[in-house]
Amino acid sequence: MDIRILAKLVASKVGEQPVDLDDVLESLGVDMDWKEKIRLVQSLEDVEAVYHAVSGKILLRRKIGNKSVA
């Protein structure tokens, strides 16, 4: 599957509350290795990704507003 299409599907499933990337991929019936997941996260628009070291999960949530510093 094209990574850009998958990125749009994943982004459509992400809201303001953090969700586990693995749960989102599982709901779409997609299995990926870590390298592919990193490429996917880099392709997501308007979505923040955080690696939770304790649980080993990548958490996603929709960006809220413009957080640039002037």
Side-chain angles (χ1 to χ4, degrees):
M1 179 180 283
D2 186 357
I3 199 81
R4 295 170 296 183
I5 295 170
L6 184 57
K8 289 185 184 273
L9 286 170
V10 169
S12 73
K13 300 257 184 201
V14 176
E16 291 182 14
Q17 296 299 319
V19 294
D20 179 14
L21 174 59
D22 289 329
D23 291 344
V24 174
L25 291 173
E26 184 178 319
S27 73
L28 295 171
V30 176
D31 185 35
M32 303 177 95
D33 65 22
W34 274 98
K35 288 181 183 180
E36 292 173 318
K37 288 178 187 176
I38 297 302
R39 282 187 34 227
L40 174 64
V41 166
Q42 291 172 337
S43 300
L44 294 173
E45 294 183 17
D46 299 324
V47 175
E48 297 175 322
V50 175
Y51 177 70
H52 191 261
V54 175
S55 65
K57 296 181 180 207
I58 298 174
L59 302 176
L60 306 173
R61 75 177 183 132
R62 181 123 352 247
K63 289 182 184 177
I64 302 171
N66 186 358
K67 293 186 176 183
S68 63
V69 176

Open item on the list: Quick one, Lys35 with Asp33, criterion salt bridge (Lys or Arg N to Asp or Glu O under 4.0 Å). Give me CA distance, side-chain angles, the key distance, then yes/no.
Closed with: CA-CA 6 Å; Lys35 288 181 183 180; Asp33 65 22; over 6 Å; no
When rounded to the nearest 0.5 angstrom, what is the spacing between [atom1] in [X] and [atom2] in [Y]?
X: Arg61; Y: Glu48; atom1: CZ; atom2: CD; answer: 4.5 Å
X: Ile58; Y: Leu40; atom1: CD1; atom2: CG; answer: 8.5 Å
X: Met32; Y: Ile3; atom1: CE; atom2: CD1; answer: 4.0 Å
X: Asp20; Y: Ser27; atom1: CG; atom2: OG; answer: 10.5 Å
X: Glu45; Y: Arg62; atom1: CD; atom2: CZ; answer: 10.0 Å

Hydrophobic clusters here meaning ILVMFWY residues chained together by side-chain heavy-atom distances under 4.5 Å, can you tell me if [X] and [Y] are in one?
X: Ile38; Y: Leu59; result: no
X: Trp34; Y: Leu6; result: yes
X: Val10; Y: Val50; result: no

Task: More than 12 heavy atoms of other groups within 6.0 Å of Asp31 CG - done: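 Open.
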TODO: Please indicate whether Glu36 has more than 12 foreign heavy atoms, meaning atoms of other residues, nucleotides or ligands, lying under 6.0 Å from its CD.
DONE: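 Counting other residues, nucleotides and ligands, CD of Glu36 exceeds 12 neighbours.
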Task: salt bridge (Lys or Arg N to Asp or Glu O under 4.0 Å) involving Lys8 - partner list, sequence neighbours excluded - done: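 Scan of Lys8 (salt bridge (Lys or Arg N to Asp or Glu O under 4.0 Å), adjacent residues dropped) gives none.
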Open item on the list: Within the structure provided, determine whether Asp22 and Lys37 are in side-chain contact (heavy-atom separation under 4.5 Å).
Closed with: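 Touching, per the 4.5 Å side-chain cut-off.
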Task: Side chain proximity check, Asp46 to Val14, heavy atoms < 4.5 angstrom - done: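 Sidechains of Val14 and Asp46: no contact.
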Task: Contact summary for Ala11 and Val47, nearest pair of heavy atoms - done: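 Closest approach of Ala11 to Val47, heavy atoms only: CB-CG2, 4.1 Å.
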